[in-house]
**Q** 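Quick one: structure below, then a few questions.
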Number of protein chains: 4
Amino acid sequence: MARIKSQDKRNAILDAATQVFAERGLSAATSAISAAAGIAEGTLFTYFTTKDQLVNALYREIKLELADAMMSGFPRKNSVRSRLQHIWDQYVEWGLKNPMQQGVLQQVLVWNGLTQESKKAGSAPFVEIERMIEEAQRQHIVQDLPRPFIQMTLVALADTVMELVRQDPKRAEIYRTAGFEMLWGGIQRKR
Amino acid sequence: MARIKSQDKRNAILDAATQVFAERGLSAATSAISAAAGIAEGTLFTYFTTKDQLVNALYREIKLELADAMMSGFPRKNSVRSRLQHIWDQYVEWGLKNPMQQGVLQQVLVWNGLTQESKKAGSAPFVEIERMIEEAQRQHIVQDLPRPFIQMTLVALADTVMELVRQDPKRAEIYRTAGFEMLWGGIQRKR
Amino acid sequence: MARIKSQDKRNAILDAATQVFAERGLSAATSAISAAAGIAEGTLFTYFTTKDQLVNALYREIKLELADAMMSGFPRKNSVRSRLQHIWDQYVEWGLKNPMQQGVLQQVLVWNGLTQESKKAGSAPFVEIERMIEEAQRQHIVQDLPRPFIQMTLVALADTVMELVRQDPKRAEIYRTAGFEMLWGGIQRKR
Amino acid sequence: MARIKSQDKRNAILDAATQVFAERGLSAATSAISAAAGIAEGTLFTYFTTKDQLVNALYREIKLELADAMMSGFPRKNSVRSRLQHIWDQYVEWGLKNPMQQGVLQQVLVWNGLTQESKKAGSAPFVEIERMIEEAQRQHIVQDLPRPFIQMTLVALADTVMELVRQDPKRAEIYRTAGFEMLWGGIQRKR
DNA sequence: TATGAATGAGCGTTCATTCAT
DNA sequence: TATGAATGAACGCTCATTCAT
């Protein structure tokens, strides 16, 4: 019997792609990826039929990792603010620890080959957050703003904070705090 | 004397590039651009020696247009808040009216061929905004946050708002207002 | 395992290049070469990374063939004169039988992309001739002239003879003899 | 009335072409030549309809200059040997003083665009030499060898000597003398 | 005639993908 | 399944030549 597609190899490709795309952009050659993954050029295509498909898969994978990181240790019983704070902190920390992943994510979001399925799949792991916000709005802790607004400003501000921290790591605390305060101030119920 | 290099043709190329890059990404072929501009493939290279150079030039051009739009009618005598509001409104309006330009801008910012000169030139027209913020901080109207934080969150939130408005134009007003409130709430001096 | 880079294909490319360069000059397109070799345009570049590299490789190859031809049946025990005669005869014969190779050789020698390594490698197989001359000078059979003089006049006269024979094949014998006599008369020890 | 084609400009182009071709080979761009000549790109084509034509014209020009140099001070009354010596000396001197011209000459001779007319025109100014040899053969001073043999070996040996002198100028005298002796020894009547 | 921008065929090379092994 | 040579369309760019000025 022949060897079977190995999850290890698939991951090796995904890791290699992350690295290569982060360094050289999405236009990097697939041969650079297979080389970095230590496999033959053709082998890449037994795991991903197309370069576009690889990028889509990579996007999902990164989103999944990110969701994992964000939800680990999620304090389900705490206040809305402290749960949101947790999400914020985890996201920023993940981005700072995984700059390549985050860089690829930003490139993919500007890319024109991302499928609807991938977009859907990419946001799926974040339903719990969505529910939390929904709930908080029902309880009048959070303003009645369209939910996409809250989610997207969260991401936008967190990404901005990450970039700022990378540029000026000494002010990391200032940026993290000010970013979260801006977010929370913008969505919490006004007295 | 021979025909002289025409500013019109240069602009036609820049416009065509904007369109083509917006539709197909920065990896679009230069031949697509020359075709869209109605010129021969080789002609593009009498105006821009290199594709990279063209992208750099396009970036500067767009930034300049944007600055023009943002500073037009700038109410120099009004309150800080209303001046910032003006900037915010003009930026969002420009982005919504010029989606291709804005799309290209975002792609270029993730691209790895932008030169230091271009970056510098691109931010030059925005000094007045920087000065205004500086001034507002000195007067304790705005918190003493690192200036890059204020600038970048402004851009990040405005970009987010534009995207949201495009997805759901009926809520345009909600997004614009909520976005600005989030920004202002996050930077104004607390009583 | 995949198909392995074949020596046959490499040789096919080299042969095709010889033909094409001989007919159209070194400025001939690589696509003409791949077509003549019966391979795809891209395939050429899996064997030679660059056109320049191909020309360099071709130069070495031809020099090697030439050396082979010249040294085959080399009468190591005969007189200096008869050994030189052998070299002369073999060279002229090789050139007349392989006009394309010889034509390419001449073009490459006037070309500006030949590397130092190639030059060195190209002259390596001819050391035995050099030694023979050295030896003959020590024995006062050949005048004490700078060795490059002897080598280069040999080549120059032989090339001239080949050209003359091609123009006027009936006089082949006259040219060959007169050419060698000129060479030998010019370097032998005077009584 | 419009300006008329100037001989000066024609010469400027020819000089520039000599320089540029010598440095970069015959494949150098015509734009490089017009730049070096201080004229516009298009102007070159009012003097030479085609690049090929320019090369052909340059060939003739150089051959003419060479003939001039060789025949200047030609000692019509001296012995055959001393007249041939004069030709030899003048040729070698011209080549050493005009390395660019000589380099171009060699490239053109290997080039495939030289017309029959150019070849004919190029050899025309050398008839006097041809006649001298003819005469010398009739007088049994020079062997009854085919005339092209004598002419071409003269050129081949002189070119070789020039190259050798360039590589090792200290031995200039040795090379010049040995070269001429080889030539003369190869063609003079044997006692 | 002189200019130099305009032209577009052509070039060397890359690269996603295929396929013989 | 894994390999990597083979493929050929596509790309960015060059350059001899044309032509409006």
Side-chain angles (χ1 to χ4, degrees), chain A residues 1-6 9 27-35 37-55, chain B residues 1-6 9-10 27-35 37-54, chain C residues 1-6 9-10 27-35 37-54, chain D residues 1-6 9 27-35 37-55:
Chain A
M1 216 198 309
R3 276 158 295 176
I4 223 67
K5 274 195 215 175
S6 92
K9 209 160 277 186
S27 64
T30 54
S31 62
I33 296 168
S34 45
I39 57 163
E41 291 186 30
T43 305
L44 190 151
F45 293 91
T46 70
Y47 289 86
F48 305 94
T49 50
T50 276
K51 189 189 183 184
D52 277 25
Q53 226 232 61
L54 164 61
V55 177
Chain B
M1 223 197 306
R3 278 160 287 180
I4 229 60
K5 255 193 262 189
S6 88
K9 204 158 284 181
R10 194 188 132 96
S27 63
T30 52
S31 62
I33 295 168
S34 45
I39 57 165
E41 291 189 25
T43 304
L44 190 151
F45 295 94
T46 69
Y47 288 85
F48 304 96
T49 48
T50 276
K51 188 189 182 183
D52 276 24
Q53 226 235 59
L54 164 61
Chain C
M1 225 197 302
R3 279 161 288 181
I4 230 59
K5 255 194 261 189
S6 88
K9 203 158 284 180
R10 196 188 130 96
S27 64
T30 53
S31 62
I33 296 168
S34 45
I39 57 165
E41 291 188 26
T43 304
L44 191 150
F45 295 92
T46 69
Y47 289 84
F48 305 95
T49 48
T50 276
K51 189 189 183 183
D52 277 24
Q53 226 234 61
L54 165 61
Chain D
M1 217 197 307
R3 277 155 295 176
I4 222 65
K5 274 195 217 179
S6 92
K9 209 161 277 186
S27 63
T30 53
S31 62
I33 296 168
S34 44
I39 57 164
E41 292 186 31
T43 304
L44 190 150
F45 292 91
T46 71
Y47 289 85
F48 305 95
T49 50
T50 275
K51 188 188 183 183
D52 277 24
Q53 226 232 61
L54 165 61
V55 178

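Below, chain A is the first sequence line, B the second, and so on; all start at residue 1.
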**Q** In chain order, what residues pass the side chain to side chain contact (heavy atoms under 4.5 Å, CB included) check against Thr50(A), with sequence neighbours excluded?
**A** Asp52(A), Gln53(A)

**Q** Quick check on dT3(E): is either OP1 or OP2 less than 4.0 Å from any side-chain nitrogen or oxygen of Thr43(D)?
**A** yes

**Q** Name the closest nucleotide to the Phe45(C) side chain, picking from dA16(E), dC15(F), dT13(E).
**A** dT13(E)

**Q** Counting side-chain heavy atoms from C-beta on, which of dT18(F), dG8(E), dA6(F) comes nearest to Ala40(B)?
**A** dG8(E)

**Q** Please tell me if Thr30(C) has a side-chain N or O lying less than 4.0 Å from either OP1 or OP2 of dG12(E).
**A** yes

**Q** Please output the side-chain donor-acceptor pairs of residues 38-46 of chain D that fall under 3.5 Å, not counting sequence neighbours, one pair per line with the distance.
**A**
{"from": "Thr46(D)", "atom 1": "OG1", "to": "Thr43(D)", "atom 2": "O", "distance (Å)": "2.9"}

**Q** Under 4.0 Å between a side-chain N or O of Thr50(B) and OP1 or OP2 of dC13(F)?
**A** yes

**Q** For residues Ser34(D) and Ser31(D), report the shortest heavy-atom separation together with the two atoms involved.
**A** OG-O, 3.1 Å

**Q** In this structure, which stretches of DNA chain F are paired as stems of three or more consecutive Watson-Crick or G-U pairs, both distances less than 3.5 Å?
**A** E:2-21 with F:2-21

**Q** Counting only side-chain nitrogens and oxygens, does Ser31(D) get under 4.0 Å of the OP1 or OP2 atom of dC15(F)?
**A** no

**Q** Using whole Å, report how far CZ of Phe48(D) lies from C1' of dT18(F).
**A** 19 Å

**Q** Please report, rounded to the nearest Å, how far the P atom of dT17(E) is from the CG atom of Leu54(A).
**A** 10 Å

**Q** Between Ser6(C) and Thr49(B), which residue's closest nucleotide on DNA chain F lies nearer the 5′ terminus?
**A** Ser6(C)

**Q** Considering residues at least two apart in sequence or located in another chain, which fulfil the side chain to side chain contact (heavy atoms under 4.5 Å, CB included) criterion with Ser6(B)?
**A** Asp8(B), Lys9(B), Tyr47(B)

**Q** Would you compute the distance between atom CG of Leu54(D) and atom CD1 of Ile33(D) and round it to the nearest 0.5 angstrom?
**A** 5.5 Å

**Q** NA contact type, Ala35(D), heavy-atom cut-off 4.0 Å: base, sugar-phosphate, or nothing?
**A** nothing

**Q** Please report the distance, rounded to the nearest Å, between NZ in Lys51(C) and C1' in dT13(E).
**A** 12 Å

**Q** Using whole Å, what does the distance between atom P of nucleotide dC11(E) and atom CG of Asp52(C) come to?
**A** 16 Å

**Q** Please work out if Ala32(B) contacts a base, only the sugar-phosphate, or nothing of the nucleic acid, heavy-atom cut-off 4.0 Å.
**A** nothing

**Q** Any base atoms under 4.0 Å from Tyr47(B), or only sugar-phosphate, or nothing? Heavy atoms, all strands.
**A** sugar-phosphate

**Q** By nearest atom, which of the nucleotides dA6(E), dG12(F), dT13(E) is closest to the Thr46(B) side chain?
**A** dA6(E)

**Q** Let me know the distance between CD1 of Ile39(B) and P of dT7(E), rounded to the nearest Å.
**A** 7 Å

**Q** Whether Lys9(C) contacts dA5(F) is assessed here as follows: a side-chain N or O lying under 4.0 Å from the phosphate OP1 or OP2. Is that the case?
**A** no

**Q** Just the rounded figure in Å: distance from P of dT13(E) to CG of Leu44(C).
**A** 9 Å

**Q** Glu41(B) CD to dG8(E) C1': how many Å, rounded?
**A** 7 Å

